[in-house]
Amino acid sequence: MVEGHGVHRVAQAHRRALVGKKFKASSPNGRFVDGARAIDDKALARVEAIGKNLFYFFDRGEGGRGGGSERHGHHVMHVHFGMSGRFSVHAASDPPAATPTTRLKLEGHGRVAMLSAMVVDLMDESGFEAKRVALGQDPLREDACADTLWEKFTASRKSVGLALMDQSMFAGVGNIYRAEILFKAGVHPEQPCRDLDRGVFDSLWRHSVELLQRGYSTGSILTVDPEEALVLGEPWTRRYVYNQSSCGRCGGKVLTWEMANRTVYCCGGSCQKLIESRSSGLCPAHLSAHPPLSIPVLGAFQLQLTPFNSTPTFARMERPSVANPSSGAGAKKRAAAKKVVREHVPFVSHCAPDSGATAASDPSKMTVKALREILAAGSDSEKAVVSASAKKPELVAAVAALLRAAKKEEEDGTSTVARSTPTKNTNTEMRVKVVVAKTSESPRTPTPGTRGLAMRSEVRSTHWSPYDPVGVVNAIP
Ligand SMILES: [Zn+2]
């Protein structure tokens, strides 16, 4: 999912590349034919980003920029990328072919822009105003109002984890930022909004602003403060809890569960404790001497929790308030409230890639291809550890064992005698680093002298997708 910082970067790039110009518009896949006809040869007056939404204002009438808009208002093209999408600008001399998902093609001024997105709608300015009102406060916009959001927040019956993902409240925050904002503010995802005081809310808002601004300026979701990254070291140099197996601050396990069909992350140690609900008649723990309720650290890999268990407390908070728990509706609500809490097993994240050092030290963050390559390059005994049909968990375990053995040998060796020649264990580490570095290279990353770089220097191309590495985005803040 594209988060708000990426959408604002696209808006800024398109302000520089497209605003003030007219383009020939068409809809290659036929799903935006009327819209393309309406904006054909109309000047693009401005681009707005609100949360995860983009709005392109095209003059309606003749007379170009200014005169036309004053007399006739604007056509407003609304874009929402969805889980994946792109709005790329290319040199007209070498445009890419349209695909079945290309809804809009703009041509002119030596450029070709191609748009694929989940939502591409055309509306008038009253439609834009309605959208703007429905969307919440965007931490990256100057007109964002924390007081307005606080009123809605404190009246909400939602949990904070759901509120952060609610685009009518925090516009632009996605799943990765949710995990990190909650961690930095020390708030448990299941905590009801109405339990928090203004100070905690202000902390959530401040971290939202700071982290999205950092994402906007760097193009990456980097949430660990630079000075703390030096202290924590790998793998906590980029994210605190998102896709981590443990917490770098307290050492607790990172727990995950589903919240409205998205995975939510939380430190299961001491960093994000659930506090007693205000609805129980007690003050929140951080406002009184009442001790906070901690999330139990799970001893088992998986624990089935129902709202009628006595622990953990956040599952009980989901208890449905129905008169007859045996009714169909009650059973449905109980099923919805059922939580499966897991200790998180990291994966290879394309949206939030790890550093090379982290990937090389944690086999669970390596691709299957890299794991196989590491094992294949080893000795016959290492190759024999796993079968050709082995699944990722088996491969991860094999490479982890390899790394542990290499580390142990290294420690044993250096404690007795200094070595001047490469040994088996240093070779293992080198092999892992080389394979991870090689397999983590993105094929989309242009290298000096390639067509991609030459094209960008000619036309300030704004090639972008949520899966592109930072270097490809040409949105200069
Ligand atoms: Zn922690």
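Start at 1 and go down the list; that is how both ligands and their atoms are numbered. Computation of the quantities below employed the complete heavy-atom set of this structure, encompassing side-chain atoms and omitting hydrogens, waters and symmetry-equivalent molecules.
For Arg132, the side chain to side chain contact (heavy atoms under 4.5 Å, CB included) partners two or more places apart in sequence, or in a different chain, are Ile50, Phe128, Glu129, Asp143. Every residue two or more places apart in sequence or in another chain that forms a side chain to side chain donor-acceptor pair (under 3.5 Å) with Glu180 is listed here: Thr223.
Inspection of the Lys273 and Gln191 side chains reveals no N or O donor paired with an N or O acceptor under 3.5 Å. Looking at Glu190 and Trp257, their side chains do bring a donor and an acceptor atom within 3.5 Å of each other.
In this structure the side chain of Leu54 reaches within 4.5 angstrom of the side chain of Phe81, judged on heavy atoms.
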Donor-acceptor pairs under 3.5 angstrom involving side-chain atoms of residues 390-402: please list them, not counting sequence neighbours.
unit_1, atom_1, unit_2, atom_2, d
Lys392, NZ, Ser364, O, 3.2
Lys392, NZ, Met366, O, 2.9

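For the Zn ion (ligand 1), the set of protein N/O/S atoms nearer than 2.8 Å consists of Cys247 SG, Cys250 SG, Cys267 SG, Cys271 SG, ordered by chain and number.
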